K.L.:
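Sharing a structure here in structure tokens format.
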Amino acid sequence: MLGLNETAALRRCTGLRGGRPTYAEPGERFACRSEPASRRSAGGDAAERSADLRVFAQGVDVLPGDRIELDGASYRVAEVRCLRGWRGTHHLELTARAAEKREAR
């Protein structure tokens, strides 16, 4: 059991305009569970946070670059991991970064 006790809205990335991603209107709503992410990436002499949020979901078609709106905040999906069970995909684990305010909608 995942305990999917939150609801998020998915906004698909539709392309680029002026070098910034554009998104479709809020579409599919899906059940999920979220937690702060602690993933960091290191390069050279510095380490930076590569994700702000980790989201667990089932039965949703999401791709890196899409936007998730959850609890009044927007996050851009960085990575989608498909975790398998005995009969196929059990759930998805999404890592996401807080979306910049200046991105086109």
Side-chain angles (χ1 to χ4, degrees):
M1 258 347 230
L2 285 175
L4 305 177
N5 57 0
E6 298 173 271
T7 302
L10 176 64
R11 295 183 68 176
R12 301 231 180 260
C13 183
T14 57
L16 295 173
R17 181 184 303 154
R20 295 193 178 112
T22 57
Y23 299 94
E25 290 300 313
E28 184 178 357
R29 296 186 65 75
F30 62 96
C32 65
R33 179 172 54 93
S34 66
E35 61 184 39
S38 59
R39 181 173 289 177
R40 296 190 178 274
S41 62
D45 296 333
E48 73 175 43
R49 191 174 192 149
S50 62
D52 296 315
L53 188 70
R54 197 161 63 176
V55 179
F56 303 93
Q58 288 179 319
V60 65
D61 183 25
V62 61
L63 298 170
D66 288 346
R67 181 177 275 188
I68 294 174
E69 295 177 350
L70 179 67
D71 294 333
S74 291
Y75 300 91
R76 191 167 181 198
V77 176
E79 180 183 9
V80 178
R81 290 183 48 208
C82 177
L83 299 172
R84 299 186 56 82
W86 289 105
R87 297 182 184 184
T89 300
H90 183 264
H91 68 277
L92 299 176
E93 182 179 315
L94 315 172
T95 53
R97 295 196 62 150
E100 297 178 22
K101 299 283 185 194
R102 65 177 186 253
E103 287 182 357
R105 291 185 176 207

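Predicted model only: the values in this text are computed from it and were never measured.
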K.L.:
Hey, are the side chains of I68 and L94 touching, using non-hydrogen atoms and a 4.5 Å cut-off?
P.N.:
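They are in side-chain contact.
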
K.L.:
Determine, stepwise, if the pair V60 / R29 fulfils side-chain contact (heavy atoms from CB on, under 4.5 Å).
P.N.:
CA-CA 9 Å; V60 65; R29 296 186 65 75; over 6 Å; no

K.L.:
With a 4.5 Å heavy-atom cut-off, do P64 and V80 have their side chains touching?
P.N.:
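Yes; the side chains approach each other to less than 4.5 Å.
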
K.L.:
Can you tell if the side chain of T22 reaches within under 4.5 Å of the side chain of C13, non-hydrogen atoms only?
P.N.:
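Of all side-chain heavy-atom pairs linking C13 with T22, none is under 4.5 Å.
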
K.L.:
Using the test side-chain contact (heavy atoms from CB on, under 4.5 Å), find all partners of L16 that sit at least two apart in sequence or belong to another chain.
P.N.:
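Testing L16 for side-chain contact (heavy atoms from CB on, under 4.5 Å), a comparison that skips the adjacent residues, returns P21.
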
K.L.:
Could you go step by step and tell me if V77 and L63 meet the side-chain contact (heavy atoms from CB on, under 4.5 Å) rule?
P.N.:
CA-CA 7 Å; V77 176; L63 298 170; over 6 Å; no

K.L.:
For E6, give me all partners under side chain to side chain donor-acceptor pair (under 3.5 Å), at least two apart in sequence or on another chain.
P.N.:
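Only S34 meet the side chain to side chain donor-acceptor pair (under 3.5 Å) criterion with E6.
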
K.L.:
Less than 4.5 Å apart, side chain to side chain, heavy atoms only: is that true for L92 and V62?
P.N.:
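Yes, their side chains come closer than 4.5 Å.
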
K.L.:
Please name the pair of heavy atoms, one in A24 and one in R11, separated by the smallest distance, quoted to 0.1 Å.
P.N.:
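Nearest pair, atom of A24 first, then R11: O-NE, 2.8 Å.
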
K.L.:
Do you know which two heavy atoms are closest between C32 and V55, and how far apart they sit?
P.N.:
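Taking C32 first and V55 second, the nearest heavy atoms are CB-CG1, 3.7 Å.
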
K.L.:
Taking all non-hydrogen atoms of both residues, which atom of F56 and which atom of L4 are closest, and how far apart?
P.N.:
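Smallest interatomic distance, heavy atoms only, reads O-CD2, 3.5 Å.
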
K.L.:
What distance separates L83 CG from E93 CD, expressed to the nearest 0.5 Å?
P.N.:
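Here the rounded value is 5.5 Å.
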
K.L.:
Using side-chain contact (heavy atoms from CB on, under 4.5 Å), reason through T95 and L53 one step at a time and then give a plain yes or no.
P.N.:
CA-CA 6 Å; T95 53; L53 188 70; over 6 Å; no

K.L.:
Identify the two heavy atoms, one from Y75 and one from L70, that lie closest to each other, and give their separation to 0.1 Å.
P.N.:
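Smallest heavy-atom distance, with atoms named: CE1-O, 4.2 Å.
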
K.L.:
Checking R67 side chain against R76 main chain: does a donor-acceptor pair fall under 3.5 Å?
P.N.:
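Checking the backbone N and O of R76 against the side chain of R67, no donor-acceptor pair under 3.5 Å is found.
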
K.L.:
Of all residues at least two apart in sequence or in a different chain, which pass the side chain to side chain donor-acceptor pair (under 3.5 Å) check with T7?
P.N.:
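Residues passing side chain to side chain donor-acceptor pair (under 3.5 Å) with T7: none at all.
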
K.L.:
Would a distance-only check, ignoring hydrogens and angles, find a side-chain to backbone donor-acceptor pair under 3.5 Å from D52 to A98?
P.N.:
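The answer is yes, because a donor-acceptor pair under 3.5 Å joins these two groups.
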
K.L.:
Check this for me, if you would: do E35 and R33 make a salt bridge, where the nitrogen-to-carboxylate-oxygen distance has to be below 4.0 angstrom?
P.N.:
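Counted as a salt bridge, because a side-chain N and a carboxylate O are separated by less than 4.0 Å.
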
